[in-house]
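In what follows, a structure is listed as structure tokens, so that the remarks can point back to it.
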Protein chains: 2
Amino acid sequence: MNKKQLVAKLSGSLNLSKADAERTFDTITNTILDALKGDDSVKIAGFGTYKVAKRKARVGRNPRTGEQIQIAASQKVKFLPAKALKEVFNR
Amino acid sequence: MNKKQLVAKLSGSLNLSKADAERTFDTITNTILDALKGDDSVKIAGFGTYKVAKRKARVGRNPRTGEQIQIAASQKVKFLPAKALKEVFNR
DNA sequence: GTTACTATATGCAAAAACTGCATACCCAAT
DNA sequence: ATTGGGTATGCAGTTTTTGCATATAGTAAC
């Protein structure tokens, strides 16, 4: 499912136009993003937690050539599924 | 930020009552969940992709006793941040 | 207020992710 | 409808993450 299909479904469920459904959805993702930018994690009970994880610089390797490569430190958004979410897929 | 705080923010941004904002939010997470249950991944352009990843069975360990334990195969929801999302935190 | 969930901390084995890069593919926006 | 761009895949080898049991503390939900 892509964003377009998701918005179409929401449009029906929420009784909104597709444009409004998309605006609503974008507002939510942007709100989550802003919180993460502000160095905050976002916990959604029953769904999961979004966190920004810091990755240290390290030595990697080009799999083609085997050449060693210095990899800079970075940050990535991690999603940790909540208990309820795990259970849905494991029973 | 927790769900309550997120809903409060959305209530403002979307000009909805808190109850409606929460309903809207829950509808979205449920829609995503349903898609994942249906063995589908959910791609959200500019944000990320939710996938169900299969984890193989493996050997674990009780950290208290050191006793070895067989861990069954399982599934978990993975979130892969989109390029745009990574760039926000790495520049 | 009471119940439920979540984070944490512990040691350690094995799975999985990460790196560059080219290709194929699918989506999004023009 | 076309095209540009993000995304998936495969490759190997090293780094990183995962998740086991369990109690406690803190937070959130109802």
Side-chain angles (χ1 to χ4, degrees), chain A residues 1-9 18-19 21-23 25-26 29 35 40-90, chain B residues 1-9 11 18-19 21-23 25-26 29 35 39-90:
Chain A
M1 177 187 288
N2 59 36
K3 185 178 170 186
K4 196 172 193 177
Q5 295 168 317
L6 177 59
V7 166
K9 256 194 185 291
K18 282 183 186 169
E22 182 163 9
R23 240 188 314 275
F25 185 75
D26 288 343
T29 56
D40 199 358
S41 65
V42 179
K43 297 186 200 177
I44 297 153
F47 189 68
T49 303
Y50 297 90
K51 276 190 179 178
V52 178
K54 300 181 201 310
R55 324 289 310 256
K56 288 183 188 169
R58 62 194 174 80
V59 176
R61 191 175 289 268
N62 184 333
R64 286 193 177 280
T65 65
E67 188 188 357
Q68 289 207 346
I69 294 159
Q70 182 61 26
I71 301 168
S74 66
Q75 295 189 299
K76 98 171 249 191
V77 176
K78 263 185 63 170
F79 174 74
L80 299 98
K83 191 184 175 188
L85 194 44
K86 290 183 199 164
E87 286 172 355
V88 169
F89 296 98
N90 296 291
Chain B
M1 176 188 286
N2 60 35
K3 185 177 171 184
K4 197 173 192 174
Q5 295 166 318
L6 176 59
V7 166
K9 255 192 185 291
S11 168
K18 282 185 186 170
E22 181 163 9
R23 241 189 311 276
F25 185 75
D26 287 343
T29 56
D39 214 26
D40 200 357
S41 66
V42 178
K43 295 186 200 177
I44 297 152
F47 189 68
T49 303
Y50 296 91
K51 273 191 182 181
V52 178
K54 299 181 201 309
R55 321 291 310 253
K56 289 185 186 170
R58 62 194 176 81
V59 176
R61 191 172 292 266
N62 183 334
R64 286 192 178 280
T65 65
E67 186 189 356
Q68 288 209 343
I69 292 158
Q70 182 62 26
I71 303 171
S74 66
Q75 297 189 299
K76 96 173 250 194
V77 176
K78 259 187 59 173
F79 174 74
L80 298 97
K83 192 184 176 188
L85 193 45
K86 289 182 202 165
E87 286 172 356
V88 169
F89 296 97
N90 296 291

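Reminder, nothing fancy here: chain letters follow the sequence lines and each chain counts from 1.
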Which pairs, protein N/O on one side and nucleotides 4-8 of chain C N/O on the other, fall under 3.5 Å?
residue, atom, partner, partner atom, Å
dT6(C), OP2, Lys83(A), N, 3.4
dA7(C), OP1, Thr49(A), OG1, 3.4

Please list, for nucleotides 10-17 of chain C, all pairs of protein and nucleotide N/O atoms separated by less than 3.5 Å.
residue, atom, partner, partner atom, Å
dG11(C), N2, Arg61(B), O, 2.7
dA16(C), OP1, Lys54(B), O, 3.2
dA16(C), OP1, Lys56(B), N, 3.2
dA17(C), OP1, Lys78(B), NZ, 2.8

Side-chain donor-acceptor pairs of residues 42-70 of chain B under 3.5 Å, sequence neighbours excluded:
residue, atom, partner, partner atom, Å
Tyr50(B), OH, Tyr50(A), OH, 2.2
Arg61(B), NH1, Gly66(B), O, 3.1
Asn62(B), OD1, Arg64(B), N, 2.8
Thr65(B), OG1, Glu67(B), N, 3.1

Check residues 78-90 of chain A and write down every donor-acceptor pair under 3.5 Å in which the side-chain atom is one partner and the other belongs to a residue at least two apart or another chain.
residue, atom, partner, partner atom, Å
Asn90(A), OD1, Gln75(B), N, 2.8
Asn90(A), ND2, Lys86(A), O, 2.9
Asn90(A), ND2, Gln75(B), O, 2.8

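Distance alone, capped at 3.5 Å, is enough to place a donor-acceptor pair between the Asp40(B) side chain and the Met1(A) backbone.
Contacts of Ala19(A) classified as side-chain contact (heavy atoms from CB on, under 4.5 Å), with partners at least two apart in sequence or in another chain: Ser17(A), Arg23(A). Residues passing the side-chain contact (heavy atoms from CB on, under 4.5 Å) test with Asn2(A), sequence neighbours excluded: Lys4(A), Gln5(A). Under the salt bridge (charged side-chain N to carboxylate O under 4.0 Å, His left out) criterion, Asp26(A) pairs with Lys3(A), not counting sequence neighbours.
Mapping heavy-atom proximity under 4.0 Å, the span of DNA chain D touched by chain A runs 5' to 3' from dG10(D) to dA29(D).
A rotation axis mapping the C1' atoms of four pairs onto the next four is fitted at both ends of the helix from dG1(C)-dC30(D) to dT30(C)-dA1(D) over five pairs, and the angle between these axes is 150° to 10 degrees.
Nearer the 5' end of DNA chain C, as judged by each residue's closest nucleotide, is the contact made by Ser74(A), out of Lys3(A) and Ser74(A).
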